[in-house]
Amino acid sequence: MEFIKEVRNAVDKNKLVGRERELISLGPILETKSDYSLTIVTGEAGVGKTTLLQVFADLASNSGRFEPFWMDCRNMEFSVEGLTDLLGRFFLQKGDLKTICAKIAMLPSKPLLFFDAFEHIGQKGQTALEVLSSLVSPYLPVIIAGRQTPIPENVNVVLLPLKPFGSKLTVDFLLKNSIPVELTVEVYTVTQGNPLLLNLFSWYYLNRQSEQALYTFNEGQTEFIYQVVAEVADTQLLPLIEATSLVSSFSKELLETMLGSRINQELFLSLSELSFIATSPNSFWMHELVAKAFAITLKKDAPEKYLSYKKAAFQYYSNKAKQSKKWQAQELRLKRMYLCENELARSIMFAQMHLESFSGVFPTSVEDIAQIPEIWLAWVQSTALLPQNSGEAIEKGVKDTERLMKLDPDFFRVIKDDMGKLKGYHTTFPACKETIDYLLQSPAMAEYFEQLPTKELKKIQQQSPKDSKIHVIRHVVIPDPADMETRSIILQDIAKSMRNGIHYITSIPQDVYQILVDGLGFRQIKGIYDYTFPEPIPLVELDFQTEDIDLWLERISLGSALPQWITILSRMSPKGWVEAVKDALEQLDQPKQLAQNPFSSLAAALSGGESSYLTKGLGEVLVDVLSDFTQRLLSNNNDQRTKGPTDMMLGEILIHTYFKRVGSREQVAEYLGLPTTTYYRYLHRAQDRIGELLRQEAEKMLVQRKQ
């Protein structure tokens with residue numbers, strides 16, 4: 001009864017409407033002394049997971065037996081070693097994780113471990129649950145908050161799902177926040193009981209005494225959140241909210257760096273006290289829904305400001321990491337990765353944190369050597385690097401590859417799949433006495449080395465392979481141009497050696513491997529070209545002895561290295577592809593929204609590139625492309641399929657549903673003389689079909705394109 005009384009006091013103090021039952025259900029944690037069950041609080045964004053746990057943390061702290069210990073999964077990479085180091089360092093204990101937890105459990109006030117935003121742990125989620133269950137929760141209570149997570153069968157879990165408020169709880173919440181009773185039904189309709197949206201509406205109404213928020217919400221959730229927060233925030237507070245939306249967590253020092261000016265302490269406190277700002281003893285972070293709304297709007301409406309904030313934060317974390325101890329530097333690098341929009345750069349950053357354990361690329365084996373000429377030919381065909389009928393050029397290329405293998409197979413660094421089959425390779429070798437004769441037979445390399453001062457060339461010739469700081473990238477071979485994973489692994493391998501001050505030279509074609517040339521920041525050497533290729537390729541170089549690798553990481557993390565449509569093609573699942581097509585068809589009369597569709601950049605490429613949408617806009621170009629593909633279906637009168645609707649029928653359905661808009665779905669079915677159920681089945685097939693055609697065209701363009 002005493003605990004229930006404390007819960008009710010805490011609920012009243014924090015205006016925590018509708019979560020009394022959930023708080024009471026957490027009570028047994030405070031009465032248990034060992035062998036705890038993992039407690040997992042789940043729910044959609046904005047449902048109040050973190051708020052609930054913060055109130056419970058206060059209750060646990062007031063009991064005198066527990067000390068809340070928060071871990072933000074946005075800024076941690078879960079591993080047994082990392083958690084052992086963190087707990088051992090903080091509580092001054094030594095041993096393995098189980099031993100440390102057993103020792104900590106004997107403290108007068110034992111830690112209550114909170115893992116917030118658990119979904120950010122990603123693929124390691126199930127492993128993390130197993131580790132916490134077997135090594136930690138026998139001694140210490142663990143509470144996890146996150147989205148719905150698959151739970152392994154052998155893990156002892158108490159699951160606490162949080163749902164949005166029902167209509168009665170919504171009314172109670174709004175009345176407690178002084179919202180007129182006559183507005184409560186409509187507010188419930190537009191917010192669907194989401195606690196965060198209810199909080200934002202209440203804040204908006206109390207500050208503006210306005211019902212405009214209800215109308216704003218009808219424009220969409222993101223627009224609602226942005227408009228409400230932006231309108232209530234004053235001119236001083238708004239830039240802080242914008243900057244905060246781009247980082248995983250924030251401090252006054254970080255925001256001052258991003259804004260380029262000092263922040264009044266009172267203004268910072270005003271920011272940190274907002275209802276959509278979450279706090280733990282050591283940090284602040286903005287709620288995911290609010291951060292997303294501001295980040296999307298800022299990137300769309302003020303891209304230069306958006307980029308400047310990100311660059312400043314990126315450099316802040318880089319500088320801080322250099323000045324910090326190992327465990328602090330690790331956390332700062334993870335925060336820096338949070339800023340990264342380029343998946344390849346993100347992978348490289350992750351590799352930089354784990355150089356000792358990185359093993360994605362291997363030296364060549366005897367079996368690998370046998371596959372290399374075959375994979376080289378596949379690469380040539382997929383990239384259209386050499387003319388289709390250029391047998392002489394291909395023969396020279398194969399011989400060159402075989403000659404390099406004979407020189408030293410270890411120059412080949414290969415990437416394999418789980419079955420041991422090659423997915424790609426790159427040749428990176430030192431420019432030293434052992435290789436100088438080979439290099440002097442290459443049109444581009446020979447000219448480069450011949451132009452070096454005599455003393456420098458002799459010095460290179462005298463160096464042993466291990467001592468040379470000048471390396472040559474002769475081939476980067478990826479048979480599948482859309483294989484982003486293999487690209488990433490190669491870049492990680494190259495970046496790893498760059499940390500050791502390697503100076504790279506390469507004649508990799510700029511239009512074929514744009515990531516390596518633009519992303520890595522290679523500089524063209526004027527006047528020197530490689531004539532091995534149909535069109536002469538300029539020689540380029542990169543020397544990280546004179547440039548900070550973190551600046552390079554910043555460049556490629558904030559800019560796209562490949563056209564967006566290529567990323568879409570390689571990463572979007574067939575189901576996601578069809579869903580994006582369906583969304584586009586539903587928005588044909590909304591070009592502004594349609595311009596944000598993932599396929600807008602693909603439509604521009606299909607329509608002839610940048611010139612096609614400068615006058616029309618991306619949304620209108622996508623309308624034209626979808627119309628064109630629908631016309632292709634309509635004109636396909638040679639359909640030989642014996643089952644299901646013909647392409648012509650599917651085209652008719654698309655035309656009258658989306659382009660001519662006969663009326664409601666039922667009216668279209670009646671117009672076409674189809675039973676309603678048949679019409680809906682055919683409509684889904686039509687969406688699938690136009691998606692198939694769009695994907696086929698994109699894949700054809702990818703093969704034909706000289707990257």
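Just so you know, these numbers come straight off a predicted model, no measurement behind them.
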Residue Gln590 excluded, over 12 heavy atoms near CD under 6.0 Å: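 Counting neighbours around CD of Gln590, more than 12 heavy atoms of other residues, nucleotides or ligands fall under 6.0 Å, so yes.
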Around Lys423, counting heavy atoms of other residues, nucleotides and ligands shown, do more than 12 lie under 6.0 Å from its NZ?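 Yes.
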For Glu253 and Lys320, run side chain to side chain contact (heavy atoms under 4.5 Å, CB included): C-alpha distance rounded to whole Å, both residues' side-chain angles, the deciding distance at 0.1 Å, then the answer. CA-CA 11 Å; Glu253 182 184 26; Lys320 279 286 186 181; 3.2 Å; yes
Any ion pair linking Glu579 and Lys582 (charged N to carboxylate O, less than 4.0 Å)?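 Salt bridge absent between Lys582 and Glu579.
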Can you tell whether the side chains of Lys416 and Glu367 come within less than 4.0 Å, N to carboxylate O?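 Answer for the salt bridge query: no.
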Close side-chain approach of [X] and [Y], heavy atoms under 4.5 Å:
X      : Y      : value
Val414 : Gln371 : no
Leu693 : Leu633 : yes
Leu259 : Tyr309 : yes
Phe412 : Val477 : no
Ser507 : Arg474 : yes
Phe629 : Arg632 : yes
Leu404 : Phe429 : yes
Tyr448 : Ile505 : yes

Quick one: pull up [atom1] in [X] and [atom2] in [Y] and give me the separation to the nearest 0.5 Å.
X      : Y      : atom1 : atom2 : answer
Glu402 : Ile372 : CD    : CD1   : 10.5 Å
Thr401 : Ile369 : OG1   : CD1   : 12.5 Å
Thr427 : His471 : OG1   : NE2   : 11.5 Å
Arg689 : Thr630 : CZ    : OG1   : 12.0 Å
Ile296 : Ser245 : CD1   : OG    : 10.0 Å
Glu692 : Gln696 : CD    : CD    : 6.5 Å

Could you walk me through whether Val625 and Leu694 pass side chain to side chain contact (heavy atoms under 4.5 Å, CB included), step by step? CA-CA 9 Å; Val625 168; Leu694 195 61; 4.1 Å; yes
Residue pair [X] / [Y]: nearest heavy atoms and the distance that separates them:
X      : Y      : answer
Pro373 : Ala370 : CD-O, 3.9 Å
Ser468 : Ile502 : O-CD1, 4.4 Å
Arg336 : Ser318 : NH1-OG, 3.0 Å
Ala295 : Leu246 : CB-CD2, 3.7 Å
Thr506 : Leu539 : O-CD1, 3.3 Å
Val472 : Ala431 : CG2-CB, 4.3 Å

I'd like to know whether Thr364 forms a side chain to side chain donor-acceptor pair (under 3.5 Å) with Arg413, so could you lay out the CA-CA distance, the side-chain angles of the two residues, the decisive distance to 0.1 Å, and finally the verdict. CA-CA 6 Å; Thr364 47; Arg413 305 276 289 160; over 6 Å; no
Could you check whether any side-chain N or O of [X] sits under 3.5 Å from a backbone N or O of [Y], counting only pairs where one atom can act as donor and the other as acceptor?
X      : Y      : value
Ser627 : Val623 : no
Asp628 : Asp624 : no
Thr435 : Cys432 : yes

